[in-house]
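For reference, the structure is listed below as structure tokens.
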Amino acid sequence: MSDYSAERKPMDRYDPAAIEKKWRDRWAADEIYRTHPADERPKYYILDFYPYPSGDGLSVGHCRNYVPTDVIARYYRMKGYNVLHPMGWDAFGLPAENAAIKLKTNPAILIRRFADNYKRQMNMIGVSYDWSREISSSTPEYYHWTQWIFLRLYNSWYDPRVDQARPIETLEDELSQNGTANLRLPLSEPQLTAAEWNAFDPLQRQEYLRRFRLAYRGEAAVNWDPVDKTVIANEEVDADRRAWRSGALVERKILKQWFFRITAYADRLDRDLDTVDWPSKIVTMQRNWIGRSEGAEVIFHTEQDDEIIVFTTRPDTLWGATFMVLAPEHPLVAKITGEEQRAEVTAYVARAQATSAAARTEEKEKTGVFTGGYAINPVNGARIPIWIADYVLMGYGTGAIMAVPAHDERDFAFALKFGLPIIPVIARPDDAARSVVRAGTYRPELVAALNAAQYSFTENAGDLLVTLTGAQAPEYAELVHAHLTEGHSEVAGSGWLMIFPDEVIALDSVAADERIAARLRKEIGHDAVPTCMAYLVTTPFYRDIVYHDNYGTPIHSGPINGLPGDQAIHQTIAWLEQNGFGRQRLNYKMRDWLISRQRYWGTPIPIIHAEDGLEVPLHDDELPLTLPNVESYEPTATGESPLTLIDDWVNVTLPDGRKGRRETDTMGTFACSSWYYMRFADAHNSAALADVQELAYWLPVDMYVGGAEHAVMHLLYSRFWTKLLYDLNVIAFFEPFARLRNQGLIMAPAREVNGEVIVEKMSKSKGNVITPDEVVAEHGADALRGYECFISDFELSVPWSTQGVPGVRRWLDRVWRIVLRPDDDAGQPATLSERQVQRIVHQTIQRVEENILNFKFNTMVSALMEFTNALYKARDAGLVGTPAWNEAIETLLLLIAPVAPHIAEELWERTARPYSIHQQRWPVADPELAAEEEIEVVLQVNGKVRDKLVVPAEADEEQLRELAMTSDRVQSFIGGKPIRKVIVVPGKLVNVVI
RNA sequence: GCCGAAGUGGCGGAAUGGCAGACGCGACGGUCUCAAAAACCGUUGGGGGCAAACCCCGUGUGGGUUCGACUCCCACCUUCGGCACCA
């Protein structure tokens, strides 16, 4: 201990440990953060992504989320808003269950313990949540309503005619009256007449309705996680086919699973992204995930008159479809396969099925086999071969494509590999063409003739390499033709002509291609030339020009030749529709949301499977269906949920006497998190998911803040559930989160290894986690909060710096001293007027407020530090105790209250102001008091600063120009040269250009 | 491969068409001390110049627009995120 501190009572120094707990206890006892129900005040709902409590507790990285949002919540409270700033727990799911298995403890007890620790840490850092609204998704009071929403999904279908969900009974009525005639189903869906529907027995009806229910049980190839022993959603599998949580390589299995039909909402999920204020990165990721594409379904007839329906985004290239490809799993494969090809096709299909999707996509080399079948291209009657190949996926579109090798990269590679014809049907937008006239095939006069006609070409060992345009092709071909003595030349890229000494053939159809290839084979003397294009690609000069996939003007395409690209598409679709060969269709990459988990610790699915095979949904008044207590939480060896082992829970007798078994899959936790933000509006309602009035008042969430790792799954699912409940009139908003922001990651402190700087994520296994507990113990919660804000731009990832917190701590020390003991030390004498102090006060209010609203918490802290520095200068100027000084001190405390609530409250009390600072009104900035009277204007010559001038703020252009010209320094740089121009920006600068 | 974001002192970063480097860290010098720590006061982009005045250079690279560019446009390089045979 130094003499300096020994002279003083301990509490005269800033000692966070001595004040922070005291105030937190007082705030909690007084419930100053309790949110009131809907009232006449404006509301502000600011929400953090609710966390999954783990046994490890919070790190300083988690606090990056919670502190800034707390600053915002505190700011809006001081602005007079009714603020909802709640917290809850995403409590179901595998980590808790796995921990329960390991520790042989009930997961409910474990999760409560973990959550309590999170809560302790959140309180420790002074976050102002209203704990009276705390929720936990694994309590029956909560999952009651998760199940209730499940039943809404189960009992609804999506009516595309009104573009919204409706009760399933309305579909049953429709089917019994009109069948599917008016439903505008995709052509690839099974259609039904009313008579057929009415003749169905209950089981058949159930099977048919599965195709429509928004929650349905279906057989599907699913992602099986062998480590967690459960099925997981597509969204939970990454590009390397690894499970998002366990990291295990997922396996493909065919199982009966529960799905939510999120695809029904694909278009609205895409469209409504226009209505939210979210980071553009997240909006883009969602759009890419949804993968909307406009195009057409086209019906091809096989020679046996089966219909093969394809989806294409390029109906304008239909004339270039020279073969078809089916996915190996396509239902028509067996039927169209010829006897000669059957063995090979069967073997290929078997191999494709055995190969995981991962391996299939890893192999870039195309594989496939010919089925022996042919189809007729509806637009030109061409007979085209049908192949199967694993690059066509059964899960997208219709599982069949028309291959247009000239304008689709995959089809191009496939056609070259298997010798299939490639006919260009879209002109290159640049109309670029090239030609090679080979040495020894032409008369020498050709060179002069090309020069005379002004073609641009180079000569290389006797080969003439000509660059031209498609428009010049006919004239050029004539010229070359006249000088060609043997062999051949050609125009490639645009124009597409094959030039022989005796004829010129256009590459405009499969028939022409065959003639050309036959001539080339004869000329070369063996069979290595299956098609014209296969020959052209062997010439390096053509490499960059033979293929393109741009939109452009059709060629070789009969009636649509020459139309602009977008018109060509529309006209082709119109023609297909008129002639019954297809129609317009939207298609989406997104698949339905797989919700089944074969695990214990999740929301039970409220469905009973009756002995006659019918599904019986529970009634609303039978909810909640609670989880039974079990002895063991281990997944069973068969991969079924451990719930299957609880006979007295699983086996039930229905009111009508039928026996049944409960569904034993549980819901994945994304179901719970898809609606929790609504529950906070009225967290303990036992009669509804929340009171209608409270929902109407509080929702949507005004500001939602969390990590970008939930960009797709959680946010997409939440939007889907919101739209469903909107359609069913449960809620009146259709987007849940008006504004969204993602905080950057806090990494472990950078360390140097062999001169290289290493920045890693914090992880328990690496032992580099920094906890808020250790930081608070050393420097206090306010210093931690300040540094969380100050560390970097909110959205950027940044390594933690152990030096950073002491820096903020020093600032708080300076605040402490300037408020309580301004006269203790003195710096160098300074000049500052009361008016100047007042100006700084009001400028700082403006800056801090603006920074909070724009999520610029780092510059908010900077502004407060500068303000503090200015007060030290004011002290050195002898202003302590003046009215301006007193206003400045009071303003300082109010402005730091959101970021440093404890020290603000302590100093507020010590300066004899009324409890609590957190219930005071935010100071109002007066623009007039903030305005500068004098400003410094920069004088430039040719853009370089040469002098500076202090002038009245209102000095006009003319005055500034004159002042600039009288500057000696400006004049010396002009040096008597003529002045070309003088730029005057009032309030900023004068630039003299010479 | 495609889509998106970011490249500024020794470090985190500020400035969104007008004085580049606010604020903080670190470093250096000083005050206090027997000494050290803490605290306080000051200096701190690079080069030239005398530690002055002053001059030149400088925001990933190369071009462009402009009186003026970290900021806008074009091309490229690097890093990070996302997607990836989606017809």
Side-chain angles (χ1 to χ4, degrees), chain A residues 1-5 13 238-239 279-285 287-289 291 293 295 310-314 317 325 360-364 366 389-393 395-404 407-411 413-414 549 587-591 708-709 711-712 745 750 757 786-787 790-793 795-808 810-811 813-814 817 824-828 856 858-866 868-869 872 936-948 969 980-985 987-994:
Chain A
M1 270 292 149
S2 70
D3 294 341
Y4 177 86
S5 64
R13 292 195 58 150
D238 69 15
S280 59
K281 181 183 150 180
I282 304 290
V283 170
T284 306
M285 282 170 68
R287 285 231 154 89
N288 289 343
W289 186 263
S293 53
V310 305
F311 172 76
T312 177
T313 54
R314 296 295 301 273
T317 64
V325 187
R360 271 167 69 167
T361 51
E362 264 165 31
E363 259 179 55
K364 284 290 169 200
K366 295 277 178 291
D390 64 8
Y391 80 92
V392 174
L393 311 172
Y396 180 77
T398 60
I401 62 157
M402 62 176 210
V404 184
H407 306 291
D408 180 282
E409 218 173 340
R410 298 150 298 175
D411 299 345
F414 192 82
D549 54 14
N587 207 33
Y588 304 92
K589 280 195 228 177
M590 183 170 60
R591 311 292 158 80
E709 69 274 15
V712 175
L745 236 48
V757 178
Y787 186 59
F790 188 62
I791 186 167
S792 171
D793 185 272
E795 299 192 356
L796 297 179
S797 292
V798 62
W800 186 258
S801 161
T802 49
Q803 296 299 329
V805 184
V808 176
R810 266 195 287 278
W811 164 57
D813 248 316
R814 282 164 63 76
R817 288 199 313 271
D824 262 18
D825 307 291
Q828 292 171 350
K856 297 287 178 193
N858 53 341
T859 49
M860 171 195 77
V861 174
S862 296
L864 293 170
M865 287 173 167
E866 284 182 58
T868 309
N869 293 345
Y872 274 82
E936 195 179 55
V937 164
V938 174
L939 305 183
Q940 296 180 332
V941 178
N942 280 351
K944 288 189 193 237
V945 179
R946 296 306 183 186
D947 203 358
K948 294 172 184 181
R969 289 201 27 90
R980 293 230 312 265
K981 203 174 189 182
V982 180
I983 311 282
V984 182
V985 184
K988 290 257 166 74
L989 56 68
V990 180
N991 186 14
V992 181
V993 186
I994 55 172

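Since this is a predicted model, take the numbers as computed values, not measurements. Labels below follow one simple rule: chain letters A, B, ... track the order of the sequence lines, proteins then strands, and each chain is numbered from 1.
- The shortest distance between side-chain heavy atoms of Met402(A) and Thr317(A) falls below 4.5 Å.
- Taking only side-chain atoms of Gln940(A), from C-beta outward, the nucleotide of A15(B), C85(B), G18(B) with the closest atom is G18(B).
- C85(B) atom P lies 15 Å from atom CG of Asp411(A), rounded to whole Å.
- Rounded to whole Å, the separation between the C1' atoms of C70(B) and U61(B) comes to 15 Å.
- Nucleic acid contact for Val985(A): base, since at least one base atom lies under 4.0 Å from a heavy atom of the residue.
- Taking atom C1' in both G9(B) and G68(B), the straight-line distance is 24 Å, to the nearest Å.
- One C1' atom belongs to U31(B), the other to C25(B), and the distance between them is 22 Å to the nearest Å.
- Counting heavy atoms from C-beta on, the side chains of Arg814(A) and Asn869(A) come closer than 4.5 Å.
- Shown here, A5(B) forms a base pair with U79(B); the pair counts as Watson-Crick or G-U wobble because both key distances fall under 3.5 Å.
- Picking from A14(B), C23(B), C67(B) the nucleotide with the shortest atom distance to the side chain of Asp793(A) gives A14(B).
- The Glu936(A) side chain lies nearest to C19(B) when the options are C19(B), A15(B), C56(B).
- One distance of note links CZ of Arg810(A) with CE of Met865(A); it measures 10.0 Å at 0.5 Å rounding.
- Partners of Asp793(A) according to the salt bridge (charged side-chain N to carboxylate O under 4.0 Å, His left out) rule, which considers only residues two or more places apart in sequence or in another chain, are Lys856(A).
- Distance check on atom P: G47(B) versus C11(B) gives 16 Å, rounded to whole Å.
- Here Leu989(A) lies in heavy-atom contact (under 4.0 Å) with a base.
- Contacts of Lys589(A) with the nucleic acid, taken as non-hydrogen atoms under 4.0 Å apart, include base atoms.
- As the counterpart of U59(B), no nucleotide is assigned, since no Watson-Crick or G-U wobble pattern has both distances under 3.5 Å.
- In this structure a side-chain-to-backbone donor-acceptor pair under 3.5 Å is missing from Arg946(A) to Arg969(A).
- For Ser862(A), the side-chain atoms get nearest to C23(B) when compared with the rest of C55(B), C23(B), C19(B).
- Residues satisfying the ring pair (Phe, Tyr, Trp, His ring centres under 6.0 Å) test with Tyr787(A), not counting sequence neighbours, are Trp800(A).
- Going from atom CZ of Phe414(A) over to atom P of C85(B) covers 17 Å, rounded to whole Å.
- Residue-level contact check: Ser280(A) touches neither bases nor backbone, having no heavy atom under 4.0 Å from any strand.
- Between the CG atom of Asn288(A) and the P atom of A5(B) there is a distance of 12 Å, given to the nearest Å.
- Under the ring pair (Phe, Tyr, Trp, His ring centres under 6.0 Å) criterion, Phe414(A) pairs with Phe323(A), Trp387(A), Tyr391(A), Phe418(A), not counting sequence neighbours.
- Rounding to the nearest 0.5 angstrom, the gap separating the CD atom in Gln940(A) from the CG atom in Asp947(A) is 11.5 Å.
- Arg287(A) pairs by the salt bridge (charged side-chain N to carboxylate O under 4.0 Å, His left out) definition with Asp270(A), Asp274(A), not counting sequence neighbours.
- Taking a 4.0 Å limit (strictly below) on heavy-atom distances, residues 795-805 of chain A reaches RNA chain B at Val798(A), Gln803(A).
- Donor-acceptor pairing under 3.5 Å, judged by distance alone, is present between the side chain of Lys948(A) and the base of C19(B).
- For Lys366(A) against C85(B), a side-chain-to-base donor-acceptor contact under 3.5 Å is present.
- Checked against side-chain hydrogen bond (donor to acceptor under 3.5 Å, both in side chains), Thr859(A) has the following partners two or more places apart in sequence or in another chain: Asn851(A).
- Looking at heavy-atom distances under 4.0 Å, Glu409(A) makes no contact with the nucleic acid at all.
- When rounded to the nearest whole Å, the span between CZ of Arg287(A) and P of G82(B) equals 20 Å.
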Between the protein and nucleotides 40-44 of chain B, list the N/O to N/O atom pairs that are separated by less than 3.5 angstrom.
| from | atom 1 | to | atom 2 | distance (Å) |
| --- | --- | --- | --- | --- |
| C40(B) | OP1 | Arg817(A) | NH2 | 2.8 |
| C41(B) | O2' | Gln828(A) | NE2 | 3.4 |

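- Ser792(A) has no side-chain polar atom (N or O) that falls below the 4.0 Å cut-off from OP1 or OP2 of G12(B).
- Note on Asn991(A): a base of the nucleic acid sits closer than 4.0 angstrom, heavy atoms only.
- Distance CZ (Arg946(A)) to C1' (C19(B)): 13 Å, rounded to an integer number of Å.
- Side-chain N/O atoms of Asn858(A) include one lying less than 4.0 angstrom from OP1 or OP2 on A14(B).
- A sub-4.0 Å separation between OP1 or OP2 of C57(B) and a side-chain N or O of Lys944(A) is present.
- Rounded to a whole Å, the CG atom of Asn869(A) is 19 Å from the P atom of A14(B).
- A distance of about 13 Å separates the P atoms of G60(B) and A6(B), rounded to the whole Å.
- Comparing G17(B) with G49(B), their C1' atoms are spaced 34 Å from each other, to the whole Å.
- Between Met860(A) atom CE and G13(B) atom C1' there is a gap of 15 Å when expressed in whole angstrom units.
- If you check C67(B) for Watson-Crick or wobble pairing at under 3.5 angstrom, you find it paired to G18(B).
- Comparing the C1' positions of G62(B) and G7(B) gives a spacing of 16 Å, expressed to the nearest Å.
- On the P atoms, G64(B) is 12 Å away from A69(B), given to the nearest whole Å.
- Annotation: of the two residues near RNA chain B, Met865(A) and Gly943(A), the 5′-most nearest-nucleotide partner is Met865(A).
- Between Gly395(A) and Thr859(A), the one whose closest nucleotide on RNA chain B sits nearer the 5' end is Thr859(A).
- Regarding contacts with the backbone of C67(B), a side-chain N or O of Lys981(A) is found under 4.0 angstrom from either OP1 or OP2.
- In terms of the ring pair (Phe, Tyr, Trp, His ring centres under 6.0 Å) criterion, Trp811(A) has no residue partners (sequence neighbours excluded).
- When the salt bridge (charged side-chain N to carboxylate O under 4.0 Å, His left out) test is applied to Asp408(A), the partners found at least two apart in sequence or on another chain are Arg410(A).
- Rounded to whole Å, atom P of A5(B) lies 10 Å from atom NZ of Lys281(A).
- Judged by distance alone, the side chain of Asn991(A) and the main-chain N or O of Gly943(A) form a donor-acceptor pair under 3.5 Å.
- The glycosidic torsion of G9(B) lies within 90° of 0, placing the base in the syn range.
- Partner assigned to C28(B) is G42(B), using Watson-Crick or G-U wobble distances below 3.5 angstrom.
- Of the listed nucleotides (C67(B), C23(B), C19(B)), C23(B) has the atom at the smallest distance from the side chain of Phe790(A).
- Within 4.0 Å (heavy atoms only), Arg969(A) reaches sugar-phosphate atoms of the nucleic acid but no base atom.
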